[in-house]
Amino acid sequence: MDGMHDADIIIEAATQRLTDFLTAKKMRKTPERYVILRAACLLPGIFTIDQLDEQIRLHGEMQVSRTTLFNNLETMVEAQLLIKHTLTRAAHYELNLQPTPKAYLVCSRCRKVAKLERKELEAYLATVRSKSFVVQQPVLYLHGLCRKCYMEQIRKVKQTK
């Protein structure tokens, strides 16, 4: 793999996992599926279907309909290549090649989502066990206000006094 960039290595690993999944499920290996996966691999962090669509258009490889995007994203979630976050009105997705514990901050006002990078929290989530439930992907969502929305709320409260 000499000379390969990190993105190329990620794309190659994701492509192989998708191929293995499609083969096991006896599903077609369409070019659209691989274009969608490649675009998802190139997007950093959490993304929406609109951002994915824009990424595909930027690379101009082929036109992919919204229906094809939705259907293939669901297939990639089933293949555990992506995590589907239903945090706000729209679904958000994230590449999931190596499932690790994750925590997110979700602003209930502006709907912004940010990943909380805390090693202690990730270590704790990795230890969560239940007798009646098998945790496959430990993910924690903390809902509240981002700094910007919180400051706007304080200003409004001060103005009404």
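These values consider heavy atoms only, across backbone and side chains, with no hydrogens, waters or symmetry-generated copies. Sequential numbering from 1 along the given sequence is applied to the chain's residues. Computed from a predicted structure; not experimentally measured.
- Arg38 meets the salt bridge (Lys or Arg N to Asp or Glu O under 4.0 Å) test with Glu61; sequence neighbours excluded.
- Rounding to the nearest 0.5 Å gives a distance of 10.0 Å between CD1 of Ile56 and CD of Glu32.
- Tracing side-chain contacts under 4.5 Å through hydrophobic residues (I, L, V, M, F, W, Y), one never reaches Val106 starting from Leu145; they form parts of separate clusters.
- A salt bridge (Lys or Arg N to Asp or Glu O under 4.0 Å) check over residues 41-57, counting only residues at least two apart or in different chains, returns the pairs Asp50-Arg66, Asp53-Arg57, Asp53-Arg66.
- Of the possible polar contacts, none joining the Arg109 side chain to the Lys148 backbone as a donor-acceptor pair under 3.5 Å is found.
- Taking the side chain as every heavy atom from C-beta outward, His85 and Tyr141 approach each other to under 4.5 Å.
- Atom NZ of Lys112 is separated from atom CD1 of Ile46 by 12.0 Å, given to the nearest 0.5 angstrom.
- Note: Leu73 CG to Tyr93 OH = 5.0 Å, rounded to the nearest 0.5 Å.
- Both Leu69 and Leu95 are assigned to one and the same hydrophobic cluster, defined by single-linkage of ILVMFWY side chains at heavy-atom distances under 4.5 Å.
- Taking OG1 of Thr75 as the reference point, atom CG of Leu37 lies at 11.5 Å (rounded to 0.5 Å).
- Leu52 approaches Ala40 most closely through the heavy-atom pair CD1-N, 3.5 Å.
- To the nearest 0.5 angstrom, Met27 atom CE is 6.0 Å from Phe21 atom CZ.
- A heavy-atom distance below 4.5 Å is not found between the side chains of Leu105 and Cys146.
- One hydrophobic cluster holds both Phe70 and Tyr34 under the rule that ILVMFWY side chains link at heavy-atom gaps under 4.5 Å.
- Distance alone, capped at 3.5 Å, is enough to place a donor-acceptor pair between the Ser108 side chain and the Gly144 backbone.
- Each of Thr30, Leu18, Thr68 was scored for a side chain to side chain contact (heavy atoms under 4.5 Å, CB included) with Ile36, with one residue passing: Thr68.
- The CE atom of Met76 sits 8.0 Å away from atom CG of Leu22, with the distance rounded to the nearest 0.5 Å.
- Shortest non-hydrogen contact noted between Lys84 and Ala91 is CE-CB, 3.7 Å.
- Using a 4.5 Å heavy-atom cutoff, the side chains of Tyr104 and His92 are not in contact.
- The hydrophobic cluster containing Val113 does not contain Leu43, counting ILVMFWY residues as joined when their side-chain heavy atoms lie under 4.5 angstrom apart, directly or transitively.
- At least one side-chain heavy atom of Leu97 sits less than 4.5 Å from a side-chain heavy atom of Leu81.
- At least one donor-acceptor pair closer than 3.5 Å links the side chain of Lys102 to the backbone N or O of Thr100.
- Linking Ile, Leu, Val, Met, Phe, Trp and Tyr whenever their side-chain heavy atoms come within less than 4.5 Å puts Ile49 and Val64 in one cluster.
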Under 3.5 Å, sequence neighbours excluded: what are the donor-acceptor pairs made by side chains of residues 114-128?
residue : atom : partner : partner atom : Å
Thr127  : OG1  : Tyr124  : O            : 2.6

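- With Glu74 contributing its side chain and Asn71 its backbone, the two residues share no donor-acceptor pair below 3.5 Å.
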